[in-house]
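Here the structure comes first, spelled out in structure tokens, and everything after it is commentary.
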Number of protein chains: 2
Amino acid sequence: MSNAKALSLLERSEAPVAAVPCCPPLSERPFTAEEAERTARMFKALGDPVRLRLFSAVASHQGGEACVCDISDVGVSQPTVSHHLKKLKEAGLLTSERRGTWVYYRVEPSVLAAMGQLLAVR
Amino acid sequence: MSNAKALSLLERSEAPVAAVPCCPPLSERPFTAEEAERTARMFKALGDPVRLRLFSAVASHQGGEACVCDISDVGVSQPTVSHHLKKLKEAGLLTSERRGTWVYYRVEPSVLAAMGQLLAVR
DNA sequence: CTTTTGCTTCGACATCTGTCGATCCCTTGC
DNA sequence: GCAAGGGATCGACAGATGTCGAAGCAAAAG
């Protein structure tokens, strides 16, 4: 099998996607209750304006990661920022790592791809 | 200007997207408050398991549309189904039309495409 | 060791949200 | 006109969610 063929299979989810055990495109067939439960968690995490701004700030930050102090300017208190970042982590959209004084958040790329797949046209 | 160049411009949202006045990819630059407000509404609509099942049922139904009676089997009462379909309509994800006794819902295709754009990789 | 700084956790609270039964509206069939 | 059935709306309510200030914790700086 050529590399191109293998890649194609992966992109079409005809082979299991390793890191993200999720779901077929929304328009392929009706979701089961379990699929909906898992998938809704991710959409829900992005369903808040503040979280969306935080996520976008991390995703667009140079190097693909951002310190909390770099993205805290979203109009809510610092505890609230921390609360939302935690929610994004729990949803599997972000990961965090402490380096010295600062905590850095970065986007989980495979999850972003999986969500894109969900919205793919039939 | 070549067609390819024109298409490229459109895809990058350097020209206004006609039907869906939304936002650049999440990872292009930090969202403004207004962009986040608008976009979060759509994600929020898909952030509930029941709504996700209803949306998936409509999206995957043959002909691209479904009568309420076709998709009501999601484990909640009929008023609740109606409530969720209304939410999906308000978010711009579905449209509805009465034909005789039945009401048919269908997916707004341009919105689905717009959400896909949001999740596109940088 | 003490202070400072960046961030998380805790507790409280007002608001939003999902759910249901009851009721209402609209269309069709008699 | 009247009954029946699909679907929307209403009113109520428990539980989830977003927000804040206060307090806690960890790493660096003095």
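In the text below, chain A, chain B and the rest are named by the order of the sequence lines, each starting its count at 1.
Summarising the geometry, the separation between CH2 on B:Trp102 and P on D:dA8 is reported as 14 Å, rounded to the nearest angstrom. In this structure, CG of A:Leu85 is placed 16 Å from C1' of D:dT17, rounded to the nearest angstrom. We find that CZ of A:Arg99 is positioned 13 Å from P of D:dA28, with the value rounded to whole Å. The nearest whole Å value for the distance from the NZ atom in A:Lys44 to the P atom in D:dG15 is 15 Å. Atom CD in B:Glu97 sits about 15 Å away from atom C1' in D:dG7, given to the nearest Å. A:His83 has its NE2 atom 8 Å from the C1' atom of D:dT19, to the nearest Å. The interatomic distance linking B:Tyr105 (OH) with D:dG7 (C1') rounds to 8 Å, in whole Å. Per the geometry, CG belonging to B:Leu94 stands 12 Å off P belonging to D:dA8, to the nearest Å.
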As a quick check of understanding, evaluate side-chain contact (heavy atoms from CB on, under 4.5 Å) for A:His84 and A:Val50, giving each step before the final call.
CA-CA 8 Å; A:His84 284 306; A:Val50 173; 3.5 Å; yes
- Query: Are B:Lys44 and B:Glu90 close enough, and set up right, to give a salt bridge (Lys or Arg N to Asp or Glu O under 4.0 Å), and what steps lead you there?
  - Reply: CA-CA 11 Å; B:Lys44 191 174 195 175; B:Glu90 289 171 350; over 6 Å; no
Pair B:Thr39-B:Met115, side-chain contact (heavy atoms from CB on, under 4.5 Å): steps then yes or no: CA-CA 8 Å; B:Thr39 308; B:Met115 291 189 73; over 6 Å; no
Set out, in order, the CA-CA distance, both residues' side-chain angles and the distance that settles side-chain contact (heavy atoms from CB on, under 4.5 Å) for A:Glu35 and A:Thr32, then state yes or no. CA-CA 5 Å; A:Glu35 289 170 337; A:Thr32 67; 3.3 Å; yes
Query - A:Ile71 and A:Leu85: CA distance, side-chain angles, deciding distance, side-chain contact (heavy atoms from CB on, under 4.5 Å) verdict - result: CA-CA 11 Å; A:Ile71 59 177; A:Leu85 288 172; 4.3 Å; yes
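Contact annotation for A:Thr80: base contact, defined as any heavy-atom pair under 4.0 Å involving a base atom. Note on A:Lys87: only backbone sugar-phosphate atoms sit closer than 4.0 angstrom, heavy atoms only; bases stay farther off.
Where DNA chain C meets chain B (any atom under 4.0 Å from a heavy atom), the bounding nucleotides read 5' to 3' are C:dT17 to C:dT28.
Figure legend: A:Arg98 and A:Tyr104 shown without cation-pi pairing, the cationic atom not lying both under 6.0 angstrom from the six-membered ring centre and within 45 degrees of its axis.
Phosphate contact (OP1/OP2 of D:dA8, side-chain N/O of B:Ser82, threshold under 4.0 Å): present. Close to D:dT9, at under 4.0 Å from its OP1 or OP2, lies a side-chain N or O of B:Lys86.
A donor-acceptor pair is defined here as one N or O able to donate and one able to accept, closer than 3.5 Å; no such pair exists between the side chain of B:Ser72 and the backbone of B:Gln78.
In terms of position on DNA chain C, the residue among B:His84 and A:Ser96 whose nearest nucleotide sits closer to the 5' end is A:Ser96. Heavy-atom distances to DNA chain D give each of B:Asp70 and A:Arg51 a nearest nucleotide, and the one nearer the 5′ end belongs to B:Asp70.
With respect to A:Arg53 and B:Glu37, no salt bridge is recorded, no charged nitrogen being found less than 4.0 Å from a carboxylate O.
For residues 72-79 of chain A, proximity to DNA chain D is found at A:Val76, A:Ser77, A:Pro79, defined as any non-hydrogen atom under 4.0 angstrom from a strand atom.
Counted by atom type alone, A:Lys89 and A:Thr95 present zero donor-acceptor pairs between their side chains at under 3.5 Å.
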